[in-house]
Participant: 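First the structure, which I've put down as structure tokens, then a few questions once you've had a look.
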Amino acid sequence: MNLSKIGESTKILRLKTSQPIHTPTDILVTQSNIYLFDQNHSGNLWQFDLNGNLLNKKGFFGDQMIPLNGITNFFVHRDSLFLAINGESIFAFDDNLNPFFLKKLPNKAGFIQKAGKEYLMYNNNLSPEIPFQVFYLDSNGTISNSIPIAPKNFTPYFKVYSPFAIQKGKTLTSFPFNDTLYLATEDFTFKPFSKVNFGKRKIPYDFFANVENGYQFYEKLSASDTYSLHEGLYFGKEDQLIASVFHALHYYPLVIDLNSSKAQMISYFSDDMTTGLKVRNKSFADQKQIVFGVSGETIQEQFDGLNKEFSNTLPSDYHDYYYLLIVEL
């Protein structure tokens, strides 16, 4: 599917660093800055301005105030960057990328998203004592009961970027190995909104009943010809919702028209407006843009199929840089 089907325009941004960046885990964009966080490899958090110039870099190592393995997720709210430690302690960052303690929440969650003065919480198996996959925490610390966790013997932990899609007064979510989209009501109680019809290839409700460890989990998934929704929803243009479908240990975009309920699963998006790049999984999305992270190695692999106007502008060492393909909505 061409990116012109889901956005109005695209642009490519090269992030200027003195060392290569290959596989950042998270990309977040505020009104003033761009942040890259590589939790799985270097443990570094990079801060760029909107032109791709490096402003600050911070590493999370050793016995610091913020332990690398305790970082549950980063999130942005308005023009600020926040992070959650162990799913309950919230830290904010100043302009120099120095963190400071903000508050401690009464309940843990695998993913936390600010929504006004309140928090949307995605349990993601971090708090077994809380029997809800997704719930809402108000300013008094009161849980609004939302989506019960499906009973399974083995429930693997997934680090998600954002399981919430928020736009035009709608807040939708889903969770792994599931076929249902949920819509938040005015009091942020999530109710079933729509189902994706995977037919006979839907993952059965008791699919993981006899799975006891991660090896068995991946072995069973790799041997099955099943489809299901996974984490990560975002909006395109004109009431398009883009979900992530998990099949044969790979992720594929699913473009859903919320007006007609028609859905189309695709292999990748093709940038038919600027670069000619083929991309699949988004790195960041908000109400104004969708951002795909693209390594220099990926550009090198796709070089022969790129738009000539774009490829002719690339520097000789382009493969040493990291790029953002930004889709304006």
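The figures here come from the full heavy-atom set of this structure, side chains too, leaving out hydrogens, waters and symmetry mates.
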Participant: Determine yes or no for a side-chain-to-main-chain donor-acceptor pair under 3.5 angstrom, with Q216 supplying the side chain and E212 the backbone.
Facilitator: yes

Participant: Could you measure the distance from the OG1 atom of T313 to the CZ atom of R14? Nearest 0.5 Å is fine.
Facilitator: 9.0 Å

Participant: Salt bridge or not between E328 and K288? Use side-chain N to carboxylate O under 4.0 Å.
Facilitator: no

Participant: Can you tell me how far the OG atom of S311 sits from the CD atom of Q302, to the nearest 0.5 Å?
Facilitator: 12.5 Å

Participant: Distance only, no hydrogens: is a donor on one side chain within 3.5 Å (strictly under) of an acceptor on the other, for T180 and K195?
Facilitator: yes

Participant: Between Q289 and V29, which heavy-atom pair has the shortest distance, and what is it?
Facilitator: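 Heavy-atom minimum between the residues: NE2-CG1, 3.4 Å.
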
Participant: Looking only at heavy atoms, what is the nearest atom pair of G293 and S283, with distance?
Facilitator: N-OG, 3.0 Å

Participant: Would a distance-only check, ignoring hydrogens and angles, find a side-chain to backbone donor-acceptor pair under 3.5 Å from D257 to N259?
Facilitator: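 Looks like yes, one N/O pair under 3.5 Å.
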
Participant: Is there a path from L172 to V255 through hydrophobic residues (I, L, V, M, F, W, Y) whose side chains come within less than 4.5 Å of each other?
Facilitator: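 Shared cluster, no.
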
Participant: Of all the heavy-atom pairs spanning I203 and S228, show the shortest one and how long it is.
Facilitator: CD1-OG, 3.7 Å

Participant: Of the non-hydrogen atoms in S174 and L233, which two are nearest, and what is the gap between them?
Facilitator: N-CD1, 3.7 Å

Participant: Nearest 0.5 Å, what's the OG-CZ distance between S146 and F135?
Facilitator: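 Separation between the atoms: 9.0 Å.
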
Participant: Among Y205, F246, F198, find the residue that satisfies the ring-ring contact (aromatic ring centres under 6.0 Å, His included) test when tested with F177.
Facilitator: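 So the option named by the test is F246.
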
Participant: To the nearest 0.5 angstrom, please state how far the CD atom of Q113 sits from the OG1 atom of T173.
Facilitator: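 Taking CD in Q113 and OG1 in T173, the distance rounds to 10.5 Å.
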
Participant: Are P67 and F60 close enough that some pair of their side-chain heavy atoms sits under 4.5 Å apart?
Facilitator: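 No - every pair of side-chain heavy atoms lies 4.5 Å or more apart.
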
Participant: Go through the steps for V134 and N123 under the test side chain to side chain contact (heavy atoms under 4.5 Å, CB included), then give the verdict.
Facilitator: CA-CA 6 Å; V134 176; N123 190 348; over 6 Å; no

Participant: Without swapping roles, check the side chain of K220 against the backbone of F207 for a donor-acceptor pair under 3.5 Å.
Facilitator: yes

Participant: Ignoring hydrogens and angles, tell me if any N or O in the side chain of K237 forms a donor-acceptor pair with the backbone of S4 under 3.5 Å.
Facilitator: yes

Participant: Would you check if F188 and T171 make a side-chain contact, meaning some heavy-atom pair closer than 4.5 Å?
Facilitator: yes

Participant: Can R280 be said to sit on top of Y268's aromatic six-ring, NZ or CZ under 6.0 Å from centre and within 45° of the ring axis?
Facilitator: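 Ring-cation test returns no.
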
Participant: Indicate whether the side chain of S144 and that of T189 have a donor and an acceptor atom separated by less than 3.5 Å.
Facilitator: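 Yes, a side-chain donor-acceptor pair sits under 3.5 Å.
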
Participant: What about Y35 and F48, are their ring centers closer than 6.0 Å?
Facilitator: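 Between Y35 and F48, the centre distance exceeds or equals 6.0 Å.
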
Participant: Quick one, T185 with D187, criterion side-chain hydrogen bond (donor to acceptor under 3.5 Å, both in side chains). Give me CA distance, side-chain angles, the key distance, then yes/no.
Facilitator: CA-CA 5 Å; T185 61; D187 62 354; 2.4 Å; yes

Participant: Hey, does N107 have a side-chain heavy atom less than 4.5 Å from the side chain of E88?
Facilitator: no

Participant: For K108 versus S127, what's the shortest heavy-atom pair and its separation?
Facilitator: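 Nearest pair, atom of K108 first, then S127: CB-OG, 2.8 Å.
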
Participant: Does L241 belong to the same Ile/Leu/Val/Met/Phe/Trp/Tyr cluster as L329, with side-chain heavy atoms less than 4.5 Å apart forming each link?
Facilitator: no

Participant: Check whether any side-chain N or O of D317 sits under 3.5 Å from a backbone N or O of D320 as a donor-acceptor pair, and report yes or no.
Facilitator: no

Participant: Return yes when atom CD of E309 has more than 12 non-hydrogen atoms of other residues, nucleotides or ligands closer than 6.0 Å, and no otherwise.
Facilitator: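 Atom CD in E309 is not crowded, with 12 or fewer foreign heavy atoms closer than 6.0 Å.
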
Participant: Does N124 use its side chain to pair, donor to acceptor, with the backbone of L126 at less than 3.5 Å?
Facilitator: no

Participant: Would you please indicate if the ring centroids of F111 and F74 are separated by under 6.0 Å?
Facilitator: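 No, too far apart.
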
Participant: May I ask you to decide if the ring planes of Y182 and F175 are parallel, tilted or perpendicular, using 30° and 60° as cut-offs?
Facilitator: parallel

Participant: How about T30 and D79: does a side-chain donor come under 3.5 Å of a side-chain acceptor?
Facilitator: yes

Participant: Given the rule in the side chain to side chain contact (heavy atoms under 4.5 Å, CB included) test, do F82 and L102 qualify, once you have shown the distances and angles that lead to the verdict?
Facilitator: CA-CA 9 Å; F82 302 86; L102 188 64; 3.6 Å; yes

Participant: Taking the six-membered ring for Trp and the full ring for Phe, Tyr or His, determine whether the centres of F208 and F217 are under 6.0 Å apart.
Facilitator: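 So the answer is yes for these two rings.
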
Participant: Output the distance between atom CD (Q300) and atom CG (L314), rounded to the nearest 0.5 Å.
Facilitator: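 Reported value, rounded in 0.5 Å steps: 10.5 Å.
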
Participant: What about L83 and W46, same hydrophobic cluster or not, with Ile/Leu/Val/Met/Phe/Trp/Tyr joined at side-chain heavy-atom distances under 4.5 Å?
Facilitator: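 Shared cluster, yes.
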
Participant: Check whether K16 reaches the backbone of N51 with its side chain - one donor and one acceptor, N or O, closer than 3.5 Å.
Facilitator: yes

Participant: What do you reckon, is NZ of K5 surrounded by more than 12 foreign heavy atoms closer than 6.0 Å?
Facilitator: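 No, the 6.0 Å shell around NZ holds no more than 12 heavy atoms from other groups.
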
Participant: Could you give me the CA-CA distance, side-chain angles and deciding distance for V294 and V279, then say whether side chain to side chain contact (heavy atoms under 4.5 Å, CB included) is met?
Facilitator: CA-CA 8 Å; V294 183; V279 293; 4.0 Å; yes

Participant: Is there side-chain contact between P253 and F269, with at least one heavy-atom pair below 4.5 Å?
Facilitator: yes

Participant: Roughly how far, to the nearest 0.5 Å, is the CG atom of L15 from the CG atom of L13?
Facilitator: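 Going from CG on L13 over to CG on L15, the span is 5.5 Å.
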
Participant: With a 4.5 Å cut-off on side-chain heavy atoms, are Y322 and I27 touching?
Facilitator: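 SC-SC contact between I27 and Y322 confirmed.
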
Participant: So if you build clusters from Ile, Leu, Val, Met, Phe, Trp, Tyr with side-chain heavy-atom gaps below 4.5 Å, do V327 and F284 land together?
Facilitator: no

Participant: State, yes or no, whether a side-chain contact exists between Y234 and Q167 at a heavy-atom distance under 4.5 Å.
Facilitator: no

Participant: Within a strict 4.5 Å, meaning less than it, do heavy atoms of the Y227 and K202 side chains meet?
Facilitator: no

Participant: Say whether L55 and L50 are linked into one hydrophobic cluster, either directly or through other cluster members, by side-chain heavy-atom distances under 4.5 angstrom.
Facilitator: no

Participant: Mark yes or no for whether T72, through its side chain, and G87, through its backbone, hold a donor-acceptor pair below 3.5 Å.
Facilitator: yes

Participant: Closest heavy-atom contact between I34 and L36?
Facilitator: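 Minimum heavy-atom separation between I34 and L36: CG2-CD1, 3.9 Å.
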
Participant: How are the rings of F75 and Y119 set to each other: parallel, tilted or perpendicular (split at 30° and 60°)?
Facilitator: perpendicular

Participant: Ignoring hydrogens and geometry, is there a side-chain-to-backbone donor-acceptor pair from D271 to T274 under 3.5 Å?
Facilitator: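 Yes; at least one donor-acceptor contact below 3.5 Å.
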
Participant: Would you check if the side chain of D94 reaches a backbone N or O of N96 as a donor-acceptor pair within less than 3.5 Å?
Facilitator: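 A pair under 3.5 Å: yes.
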
Participant: Kindly determine whether N56 and F93 satisfy side chain to side chain contact (heavy atoms under 4.5 Å, CB included), including the steps that lead there.
Facilitator: CA-CA 12 Å; N56 292 289; F93 290 88; over 6 Å; no

Participant: Can you check whether Q133 reaches Y122 side chain to side chain, under 4.5 Å on heavy atoms?
Facilitator: yes

